[in-house]
Amino acid sequence: MTKDMTAGKPVGLILRFCAPMVLGNVLQQLYSMVDTIIVGHYLGTNALAGVG
């Protein structure tokens, strides 16, 4: 399925286009934050330096 990005309301088209990227970035940031918390809590500061 293709979507004509040249017809319609620009704001809606842009939001629909960027929504998957924003969702992916939010999930990636959440994963990184949880990973940092777990590694910092259980493995120590040396391992935490390797995560970043």
Side-chain angles (χ1 to χ4, degrees):
M1 182 174 103
T2 59
K3 176 71 176 166
D4 186 12
M5 296 290 285
T6 61
K9 295 182 180 180
V11 174
L13 293 171
I14 292 170
L15 289 177
R16 261 187 261 131
F17 179 75
C18 73
M21 291 186 289
V22 170
L23 180 63
N25 285 337
V26 167
L27 292 175
Q28 185 175 7
Q29 186 66 30
L30 180 65
Y31 176 83
S32 177
M33 197 166 50
V34 170
D35 189 34
T36 301
I37 291 169
I38 291 172
V39 169
H41 189 273
Y42 292 106
L43 298 178
T45 56
N46 288 335
L48 183 60
V51 171

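Linking ILVMFWY residues whenever their side-chain heavy atoms come closer than 4.5 Å, directly or via other members, leaves L30 and V22 in distinct clusters.
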For residues 6-18, please give each side-chain donor-acceptor pair under 3.5 Å, one per line with the distance, not counting sequence neighbours.
| residue | atom | partner | partner atom | Å |
| --- | --- | --- | --- | --- |
| T6 | OG1 | D4 | OD1 | 2.6 |
| T6 | OG1 | D4 | OD2 | 3.4 |

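A donor-acceptor pair under 3.5 Å is absent between the side-chain atoms of S32 and the main chain of Q28, judged by distance alone.
Nearest approach of A47 to L43, heavy atoms of both residues: CB-CB, 3.6 Å.
In this structure, CG on L48 lies 12.0 Å from CD1 on I38, to the nearest 0.5 angstrom.
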